[in-house]
Amino acid sequence: MAEADWEYPEHKQFERVPTLDQVDRSDRKAVYAARNQKIRDDWVKAMEGRLLKEKLDECYRTEGVNHYNKCREIADAYLKAVKDNKVEGFRKTSA
């Protein structure tokens, strides 16, 4: 079996729902679904940053003194992810 053909059995695709700003606050099911989507999206962003950090650490270890030149793209991507992918949570007020 090729590696690309294999999937994790617990992997699940969630359907996209309207965001918290777009749902009616009196519809509890819609608010709950929007909250869960926000939490999943923030979790994915955090894990992308974590994977970039692991890749950067590995690059630093393998490249040694040449890591300034060889690992620059990964470092730039990691810094961009840290800056852009801040976890806000769903309780942030928009006032």
Side-chain angles (χ1 to χ4, degrees):
M1 180 185 315
E3 187 174 327
D5 295 337
W6 189 82
E7 286 189 32
Y8 289 105
E10 65 271 2
H11 181 74
K12 182 177 178 183
Q13 291 287 334
F14 293 93
E15 85 175 57
R16 301 298 293 177
V17 296
T19 63
L20 282 170
D21 299 337
Q22 300 168 339
V23 297
D24 178 24
R25 293 291 180 164
S26 62
D27 185 3
R28 295 178 65 89
K29 285 186 178 185
V31 170
Y32 183 72
R35 280 186 190 172
N36 284 338
Q37 178 174 282
K38 173 72 172 137
I39 291 169
R40 282 191 304 270
D41 291 345
D42 286 350
W43 181 256
V44 167
K45 289 178 187 177
M47 289 300 107
E48 286 173 353
R50 183 177 179 182
L51 290 173
L52 280 170
K53 176 69 170 122
E54 290 173 2
K55 191 183 285 190
L56 184 61
D57 289 343
E58 179 67 24
C59 185
Y60 281 169
R61 272 194 303 276
T62 57
E63 295 300 331
V65 296
N66 296 325
H67 72 274
Y68 288 112
N69 297 331
K70 302 283 184 169
C71 304
R72 188 71 207 164
E73 294 88 19
I74 300 171
D76 289 340
Y78 175 66
L79 289 175
K80 184 178 182 317
V82 166
K83 210 181 331 178
D84 295 343
N85 297 341
K86 297 209 182 287
V87 175
E88 297 170 348
F90 61 84
R91 294 185 185 194
K92 185 176 117 177
T93 59
S94 60

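Just the heavy atoms: all of them, side chains too, but no hydrogens, waters or symmetry mates, feed the values below. All values derive from a computational prediction rather than experimental measurement.
Rounding to the nearest 0.5 Å places NZ of Lys53 at 10.0 Å from CG of Leu79. Once rounded to the nearest 0.5 Å, the distance linking CE of Met47 with CG of Leu52 reads 12.0 Å.
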Side chain to side chain contact (heavy atoms under 4.5 Å, CB included) between His67 and Ile74: does it pass, once the steps are laid out?
CA-CA 10 Å; His67 72 274; Ile74 300 171; over 6 Å; no

Could you walk me through whether Ser26 and Asp24 pass the side-chain hydrogen bond (donor to acceptor under 3.5 Å, both in side chains) check?
CA-CA 5 Å; Ser26 62; Asp24 178 24; 2.6 Å; yes

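Around the CZ atom of Phe14, the shell of radius 6.0 Å holds more than 12 heavy atoms that belong to other residues, nucleotides or ligands. Atom CZ of Arg50 has 12 or fewer heavy atoms from other residues, nucleotides or ligands within 6.0 Å.
Under the 4.5 Å side-chain contact rule for hydrophobic residues, Trp43 and Tyr32 do not share a cluster.
Residues Asn36 and Arg40 meet the side-chain proximity criterion, which asks for heavy atoms closer than 4.5 Å.
Scanning all heavy atoms of the two residues, the minimum distance from Ala81 to Gly49 falls at CB-CA, 4.4 Å. Between Val31 and Leu20, the shortest heavy-atom contact is O-CD2, 3.9 Å. Across Cys71 and Leu56, no two heavy atoms sit closer than the pair O-CD1, 4.0 Å. When all heavy atoms are compared, the tightest approach of Val23 to Ala34 is CG1-CB, 4.3 Å.
A salt bridge between Lys55 and Glu58 is absent, with no side-chain N of the basic residue lying under 4.0 Å from a carboxylate O of the acidic one. In this structure, Lys80 does not pair ionically with Asp76, as no charged nitrogen and carboxylate oxygen lie closer than 4.0 Å. Classification of Asp57 and Arg61 as a salt-bridged pair fails, no side-chain N sitting under 4.0 Å from a carboxylate O.
In terms of modelled atom types and a separation under 3.5 Å, the side chain of Glu63 and the main chain of Lys70 share no donor-acceptor contact.
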